[in-house]
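First the structure, in the form of structure tokens, and then the observations on it.
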Amino acid sequence: MQGDTLLQVEGVSKRFKVRGRTLHAVEHVSFDLEAGKTLGLVGESGSGKSTLGRVVLRLLEADEGRVVFQGQDLAKLSAKELRARRRDMQIIFQNPLASLNTRMTVAAAIEDAMIIQKMGDSAAERRKRTDELLERVGLPLSAGRAFPFELSGGQQQRVGIARALALRPKMVVCDEPISALDVSIQVQIIELLRDLQRELNMAYIFISHNLGVVQLLSDTVMVLYLGEVVEQAQSQKLFEAAQHPYTQTLINSILKVPKTSADKRPLVALPGEMPSPFSPPSGCPYHPRCALATDRCKSEKPLLRKISAGHLAACHYAN
Ligand SMILES: Nc1ncnc2c1ncn2[C@@H]1O[C@H](COP(=O)(O)OP(=O)(O)OP(=O)(O)O)[C@@H](O)[C@H]1O
Ligand SMILES: [Mg+2]
């Protein structure tokens, strides 16, 4: 049954034309997301995580496939209907400063989000709700009078969260929301996101290089490689019994990478280089880097197939 299904992504592809060549950023990705649940998206830089997040929000148009939110195909909505839907689907970015208008005070930025979406009837109501939001994300009310650049990185991210919450969304795409923050602040923001999710029953698409955090927050995890899903499973299962050699390498790499304050590089420590997205390898896209690859992997592309209930992997030798 899909009684609780909030989002259905069906066979979505997104390609970019770059100087006459086609780059496959996202290829035939499908998943469902239930209300109040978290899908973790992992994969190296360039694997298509942000592109997928943007296609889901229809900030980018898909070339193929469908995005169905609460039973509505987003591609079929008029501009006006889409604007109304946008209220339910928000995004939090890695760099909150870049997404905030630097000439607006924090309170004005939050109220502006409500005005654009026609929320709150009066200015007094909007102001009251802004104060509540500031308090809820752990900011002093005085932060409302500040300009974003006057705040610390962690405070800026709290503003980004408050602004997203202003519209009472049902789903939030969190695109590397903690990558730019110090480790101690990362923990606070993660706890805040988790508490808010429980309180407000929001679904998250949580994109992060930090597999530990993904494990902590996600109900389901999807691993992307060169724009394709190579493995997908319930979080605990994925971390305990990963089937795809790429996922296994990703998980093993967590243990080897020293924690830095910025914690941006864990996945860069993988052996080998990601192939060019303009000319993906024949057969299995991971075969040039896979220690277990055989001749079959070089020529025959493995399909994403069911390994067990809710567990999918695209490897000839999984299981
Ligand atoms: N607007 C664009 N025009 C052309 N190519 C793009 C565009 N946006 C993304 N790409 C390409 O699409 C691929 C996927 O990029 P994307 O930003 O989605 O990856 P990502 O997994 O979010 O990476 P990161 O971890 O670095 O944020 C990359 O090869 C990227 O260069
Ligand atoms: Mg990205």
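We count ligands from 1, going down the list as the structure has it; atoms in each ligand are counted the same way. Nothing fancy with the numbering, it's 1 onward along the sequence. Below, all heavy atoms of this structure are taken into account, side chains as well, without hydrogens, waters or symmetry copies.
The pair K237-E240 fails the salt-bridge criterion, with no side-chain N (NZ, NE, NH1 or NH2) lying under 4.0 Å from an Asp/Glu carboxylate O. With salt bridges taken as basic N to acidic carboxylate O contacts below 4.0 Å, one links R15 and E27. A salt bridge is defined here as a Lys NZ or Arg NE, NH1 or NH2 lying under 4.0 Å from an Asp or Glu carboxylate O, and R85 with D88 meets this definition.
Those atoms of ligand 1 with a heavy atom of L23 less than 4.0 angstrom away are 11 (C), 12 (O), 13 (C), 29 (O). Within ligand 1, the atoms closer than 4.0 Å to a non-hydrogen atom of S47 are 19 (O), 21 (O), numbered from 1 in the order shown. Short contacts between ligand 1 and P277, defined as distances under 4.0 Å to a heavy atom of the residue, involve ligand atoms 29 (O).
Hydrophobic clustering (side-chain heavy atoms under 4.5 Å, transitive across Ile, Leu, Val, Met, Phe, Trp, Tyr) groups L77 together with F69.
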Test side chain to side chain donor-acceptor pair (under 3.5 Å) applied to D32 and T5, step by step: CA-CA 7 Å; D32 284 355; T5 303; 4.7 Å; no
Trace of the side chain to side chain donor-acceptor pair (under 3.5 Å) decision for E228 with H28: CA-CA 7 Å; E228 297 185 37; H28 300 116; over 6 Å; no
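Scanning the protein heavy atoms around atom 18 (O) of ligand 1, the nearest turns out to be T51 OG1, 2.5 Å. The shortest contact between atom 17 (O) of ligand 1 and any protein heavy atom is with S50 CB, 3.9 Å. Ranking protein heavy atoms by distance to atom 6 (C) of ligand 1, first place goes to F16 CD1, 3.3 Å.
Applying the side chain to side chain contact (heavy atoms under 4.5 Å, CB included) test between F16 and each of V26, L60, T22 identifies L60 as the sole match.
Counting only distance, with no hydrogens or angles, the side chain of R158 and the backbone of L139 share no donor-acceptor pair below 3.5 Å. Judged by distance alone, the side chain of K49 and the main-chain N or O of L224 form no donor-acceptor pair under 3.5 Å. Checked by atom type and distance alone, the side chain of H209 never pairs as donor or acceptor with a backbone atom of E176 at under 3.5 Å.
In terms of polar-atom proximity, defined here as any N/O pair under 3.5 Å, G48 does make such a contact with ligand 1.
In V18, the part holding a heavy atom less than 4.0 Å from any atom of ligand 1 is the side chain. By the criterion of a heavy-atom distance under 4.0 Å, neither the backbone nor the side chain of L224 is placed next to ligand 1. Residue contacts with ligand 1 for S45 involve both N, CA, C or O and side-chain atoms from C-beta outward (heavy atoms, distance under 4.0 Å).
Distances from the Mg ion (ligand 2) under 2.8 Å pick out these protein N/O/S atoms: S50 OG.
Among H209, H24, K49, the residue whose heavy atom sits closest to atom 21 (O) of ligand 1 is K49. By heavy-atom distance, the residue among G46, A25, G43 lying nearest atom 23 (O) of ligand 1 is G46.
Inside a 4.0 Å radius of atom 30 (C) of ligand 1 there is not any protein heavy atom.
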Throw together a table of side-chain donor-acceptor distances under 3.5 angstrom for residues 216-223, partners on residues two or more places apart or in other chains.
from, atom 1, to, atom 2, distance (Å)
S218, OG, G40, N, 3.4
S218, OG, V214, O, 2.7
D219, OD2, T38, N, 2.7

With a 3.5 Å cut-off and sequence neighbours excluded, list the donor-acceptor pairs that the side chains of residues 147-154 form with protein atoms.
from, atom 1, to, atom 2, distance (Å)
E150, OE1, F147, N, 2.6
S152, OG, Q155, N, 3.2
S152, OG, Q155, OE1, 3.4

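Within the structure, the closest approach of E44 to ligand 1 falls below 4.0 Å when heavy atoms are considered.
In this view, E199 and R136 satisfy the salt bridge (charged side-chain N to carboxylate O under 4.0 Å, His left out) rule, not counting sequence neighbours.
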